[in-house]
Amino acid sequence: MPTPPPPVRRHCEAFTPVQQTLIIPLVARALGGGLYPGHACGDEQASRLLRTLEIDGQAYLADRPTVLNVLWRTRLIRECAQAFFVEHPKAWGINLGCGLTDYFQWLNNGQNTWLDADLAEVMALRKTLLPAQMPRLRAGTADLQQPGWWQRLRLPKRATAQPVFLLIEGVLLYFQPDEVRAVLQEFAEAAPAGSVLVLDTMARCAVGQAQWHASVGRTQAQFRWGIGQMQELTACHPRLQLRQSHSVAPSHGWMGVAMEAIWNPWGHSAPLYGLAELVLE
């Protein structure tokens, strides 16, 4: 009889299709540096977790564009967060839909506080694999598809007495458009002025096409939200302002730039895949 998978892997295999996508960035951060040394992020936690879960990452590494996308956005998110904490060294950072990602290994400045939050099932696995071992690192549960998620984070007054850094990575692409608008509205109505939200975006043409994605297609998750123009991110609330948007295309070299130019010849559309920084007035 074949050897049964370890308990933590069985837990992971029981996840919903969207929850199973957390393996994709884990593999990319753990092993992707071998494919793209210039983009390696040095994620020691991801490497350890991959060994613990006994996951063969080779099938995921075959999807080289996605590996590069993950490494690119990881570097950019780190840069955005580091710049925020230079300006607000004692602020809180929150990773909503954190999966098995550990950004605090890079962002801990000795004064800030970091909260990782996800659905209860994911946080149960995370507690087993990534128990909090350093001060100012917190864990919580959050279901962004349910209104009131901000209040359920139970942030102390000292957290909201200053701007907050919020990260939603690899999550909203699987939400319905009205659910994404509700998340943005709740952030805009609840967070203090100067707070920053970083999220990844996908062009609307990708909606309903996840079955053709080499990595996401393996999970049977589906892309349900995309945008045509960046202004769609701020249209749902007057406090939301687009600070900056980034496209992954240049990281893919001349072919990426050429594809983006064909898709968006006048520069008026959102990138095929990118990252957006929103700030609250």
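Not measured: the values here are computed from a predicted model.
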* Any idea which heavy atoms bring G33 and A40 closest together, and the distance? ->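 Residues G33 and A40, closest heavy atoms: CA-CB, 3.7 Å.
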* Where the side chain of R78 meets the backbone of L107, is there a donor-acceptor pair that is under 3.5 Å apart? ->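 Side chain of R78 to backbone of L107: no pair is present.
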With the side chain counted from C-beta on, respond yes when [X] and [Y] share a heavy-atom pair under 4.5 Å apart, and no when they do not.
{"X": "L96", "Y": "W149", "result": "yes"}
{"X": "H246", "Y": "W72", "result": "yes"}
{"X": "C41", "Y": "W106", "result": "yes"}
{"X": "M230", "Y": "P271", "result": "yes"}
{"X": "Y174", "Y": "F223", "result": "yes"}
{"X": "R48", "Y": "L130", "result": "yes"}
{"X": "T21", "Y": "F15", "result": "no"}
{"X": "V183", "Y": "L199", "result": "no"}

* How about Q241: does its CD atom have over 12 heavy atoms from other parts shown lying under 6.0 Å from it? ->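 Atom CD in Q241 is crowded, with more than 12 foreign heavy atoms closer than 6.0 Å.
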* Asked: Within a reach of under 6.0 Å around CD of Q209, are more than 12 heavy atoms found that belong to other residues, nucleotides or ligands?
  ->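 Yes, enclosed.
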Once rounded to the nearest 0.5 Å, what's the spacing between atom [atom1] of [X] and atom [atom2] of [Y]?
{"X": "N69", "Y": "T74", "atom1": "CG", "atom2": "OG1", "result": "10.5 Å"}
{"X": "F165", "Y": "L115", "atom1": "CZ", "atom2": "CG", "result": "13.0 Å"}
{"X": "I23", "Y": "Y60", "atom1": "CD1", "atom2": "OH", "result": "6.0 Å"}
{"X": "E189", "Y": "L184", "atom1": "CD", "atom2": "CG", "result": "11.0 Å"}
{"X": "D102", "Y": "L129", "atom1": "CG", "atom2": "CG", "result": "12.0 Å"}
{"X": "T128", "Y": "M123", "atom1": "OG1", "atom2": "CE", "result": "11.0 Å"}

* Hey, any chance V279 and L197 share a hydrophobic cluster, counting ILVMFWY side chains that come within less than 4.5 Å of each other, even indirectly? ->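 Both belong to a single hydrophobic cluster.
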* To do: Indicate, with yes or no, if L275 and V257 share a hydrophobic cluster defined by side-chain heavy-atom contacts under 4.5 Å among Ile, Leu, Val, Met, Phe, Trp and Tyr.
  =>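 Different clusters: V257 never reaches L275 through Ile, Leu, Val, Met, Phe, Trp or Tyr contacts under 4.5 Å.
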Enumerate donor-acceptor pairs with a distance under 3.5 Å from any side-chain N or O in residues 152-159 to protein atoms, sequence neighbours excluded.
| from | atom 1 | to | atom 2 | distance (Å) |
| --- | --- | --- | --- | --- |
| R152 | NH1 | P147 | O | 3.1 |
| R152 | NH2 | Q146 | O | 3.0 |
| R152 | NH2 | P147 | O | 3.1 |

* Indicate yes or no: does D116 engage R126 in a salt bridge with an N to O separation below 4.0 Å. =>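 Salt bridge: yes.
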* Asked: Which residues satisfy the salt bridge (Lys or Arg N to Asp or Glu O under 4.0 Å) test with E169, sequence neighbours excluded?
  ->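 Only R29, R73 meet the salt bridge (Lys or Arg N to Asp or Glu O under 4.0 Å) criterion with E169.
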* **By salt bridge (Lys or Arg N to Asp or Glu O under 4.0 Å) - contacts of R136 (at least two apart)** =>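 Scan of R136 (salt bridge (Lys or Arg N to Asp or Glu O under 4.0 Å), adjacent residues dropped) gives none.
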* **Criterion side chain to side chain contact (heavy atoms under 4.5 Å, CB included) on C205 and L272, from CA distance to verdict** => CA-CA 8 Å; C205 62; L272 290 170; 4.1 Å; yes
* **CA sep, side-chain torsions, deciding dist, call: L166, V196, side chain to side chain contact (heavy atoms under 4.5 Å, CB included)** => CA-CA 6 Å; L166 216 67; V196 171; over 6 Å; no
* To do: Apply the side-chain contact (heavy atoms from CB on, under 4.5 Å) test between Q176 and each candidate in R181, R224, Q145; give the one that qualifies.
  =>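 Between Q176 and the candidates, side-chain contact (heavy atoms from CB on, under 4.5 Å) is satisfied uniquely by R224.
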* Using the ring of F187 (Phe, Tyr or Trp, six-membered ring only), decide whether R239 places NZ or CZ under 6.0 Å from its centre and within 45 degrees of its axis. =>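 Judged by the rule, R239 and F187 form no cation-pi pair.
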* Give the other cluster members for W254, using side-chain heavy-atom distances under 4.5 Å between Ile, Leu, Val, Met, Phe, Trp and Tyr residues; answer none if it is isolated. =>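 Grouped by the 4.5 Å side-chain rule, M255 form the rest of the cluster around W254.
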* Under a single-linkage rule joining Ile, Leu, Val, Met, Phe, Trp and Tyr whose side-chain heavy atoms are separated by less than 4.5 Å, which residues share a cluster with W212? ->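 So far as hydrophobic clustering goes, W212 is joined with none.
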* Is it true that the side chains of N112 and H88 contain a donor and an acceptor less than 3.5 Å apart? ->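 No, because no side-chain N or O of N112 sits under 3.5 Å from a partner of the opposite role on H88.
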* Could you pull out all residues at least two apart from H237 that satisfy side-chain hydrogen bond (donor to acceptor under 3.5 Å, both in side chains)? =>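 None.
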* To do: Apply the test side chain to side chain donor-acceptor pair (under 3.5 Å) to residues N109 and Q82: give CA-CA distance (whole Å), side-chain angles for both, the deciding distance (0.1 Å), then the verdict.
  => CA-CA 9 Å; N109 66 5; Q82 287 165 347; over 6 Å; no
